[in-house]
S.K.: 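Have a look at this one.
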Amino acid sequence: MKPGIHPAYRPVVFRDKVGGLAFLTRSTVGSDRTVEWEDGRTYPVIDVEISSASHPFYTGQSRVLDTAGRVERFRQRYGDQH
């Protein structure tokens, strides 16, 4: 590899706040925020919106969407334009 052209590859904590999952891995992604990990060291932290701890496919919990209500709101807002 050519020196000086690659981003820094360092330990980073990825955290899913909804699912309560956090794991330490290595990545080139950076962050200004940090978190103290279980080993007592401080690492950059990346908050993710969804992971295997919170995704319905992995948890087996499906969400019911209120599609009928959405359709009615759409029709009220824009009318029935056929």
S.K.: In this structure, are over 12 heavy atoms from other groups packed under 6.0 Å from R77 atom CZ?
M.R.: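 No, not enclosed.
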S.K.: Applying side-chain hydrogen bond (donor to acceptor under 3.5 Å, both in side chains), can you list everything that pairs with R15, at least two apart in sequence or on another chain?
M.R.: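 So R15 forms a side-chain hydrogen bond (donor to acceptor under 3.5 Å, both in side chains) with D47.
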S.K.: Are V29 and V48 connected, step by step, through hydrophobic side chains (Ile, Leu, Val, Met, Phe, Trp, Tyr) whose heavy atoms are closer than 4.5 Å?
M.R.: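 Cluster IDs for V29 and V48 match.
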S.K.: Suppose we screen for side-chain contact (heavy atoms from CB on, under 4.5 Å). Which residues come up paired with S31, at least two apart in sequence or across chains?
M.R.: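 S31 satisfies side-chain contact (heavy atoms from CB on, under 4.5 Å) with R33, P44, I46 only.
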S.K.: Could you state whether V12 and F23 fall into the same hydrophobic cluster, counting links through intermediate Ile, Leu, Val, Met, Phe, Trp or Tyr residues with side-chain heavy atoms under 4.5 angstrom apart?
M.R.: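 Both belong to a single hydrophobic cluster.
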S.K.: Please enumerate all residues that pass side-chain contact (heavy atoms from CB on, under 4.5 Å) together with D39, with sequence neighbours excluded.
M.R.: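 Result, side-chain contact (heavy atoms from CB on, under 4.5 Å) vs D39: W37, R41, Y43.
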